[in-house]
Novice: 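Quick one: the structure is below, and I'll ask about it shortly.
No hydrogens, no waters, no symmetry mates; every other heavy atom, side chains included, goes into these values. Just so we're clear, the structure is a prediction, and the values are computed from it rather than from any experiment.
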Amino acid sequence: MKWTDVFDIAAALADAHPDVDPNQVRFTALRDMVMALPGFNDDPGRCGEKILEAIQQAWIEEQD
């Protein structure tokens, strides 16, 4: 997965962290959680606030 795979990342986060409320996750923690996902392989420098916002929003929707 790459940073642009927002929906795949959100689904993986929902599976990996079912007890976490994505509304309460800081972007620094979210970035670390994404980079720790199995199958994630992208340059940390390519991640920005807009990507993290999109991932967080998709994760929120995934849990609904």
Novice: Which word best sums up how the rings of Trp59 and His17 line up, parallel for under 30°, tilted for 30 to 60°, or perpendicular for over 60°?
Specialist: tilted

Novice: Examine distances only and state if a side-chain atom of Trp3 and a backbone atom of Asp43 form a donor-acceptor pair shorter than 3.5 Å.
Specialist: yes

Novice: Compare every heavy atom of Pro38 with every heavy atom of Met1, then report the nearest pair and how far apart it is.
Specialist: CE-O, 3.7 Å

Novice: Would Asp5 and Asp42 count as a side chain to side chain contact (heavy atoms under 4.5 Å, CB included) if you check the C-alpha gap in whole Å, the side-chain angles of each, and the deciding distance to 0.1 Å?
Specialist: CA-CA 11 Å; Asp5 299 323; Asp42 203 354; over 6 Å; no

Novice: Quick one: do Val6 and Ile60 end up in the same hydrophobic cluster if we chain Ile, Leu, Val, Met, Phe, Trp and Tyr together by side-chain heavy atoms under 4.5 Å apart?
Specialist: no

Novice: Under a 3.5 Å distance rule, please check whether Gln63 uses its side chain to pair with a backbone N or O of Val20 as donor and acceptor.
Specialist: yes

Novice: Can you tell me how far the CD atom of Gln56 sits from the CD1 atom of Ile9, to the nearest 0.5 Å?
Specialist: 13.0 Å

Novice: With rounding to the nearest 0.5 angstrom, report the CG to CG distance, Asp8 to Leu13.
Specialist: 11.0 Å

Novice: Please report the interatomic distance CZ(Phe27) to CE(Met33), rounded to the nearest 0.5 Å.
Specialist: 13.0 Å

Novice: Could you measure the distance from the CG atom of Leu52 to the CZ atom of Arg26? Nearest 0.5 Å is fine.
Specialist: 12.5 Å

Novice: Write down the atom of Ala10, the atom of Glu62, and the distance for their closest heavy-atom approach.
Specialist: O-CG, 4.1 Å

Novice: Quick check: is Ile55 connected to Phe7 through a chain of hydrophobic side chains (ILVMFWY, heavy atoms under 4.5 Å apart)?
Specialist: no

Novice: Would you give the length of the straight line joining atom CG of Asn41 to atom NZ of Lys2, rounded to the nearest 0.5 angstrom?
Specialist: 4.5 Å

Novice: Could you check if a side-chain atom of Val34 sits within less than 4.5 angstrom of a side-chain atom of Arg31, using non-hydrogen atoms only?
Specialist: no

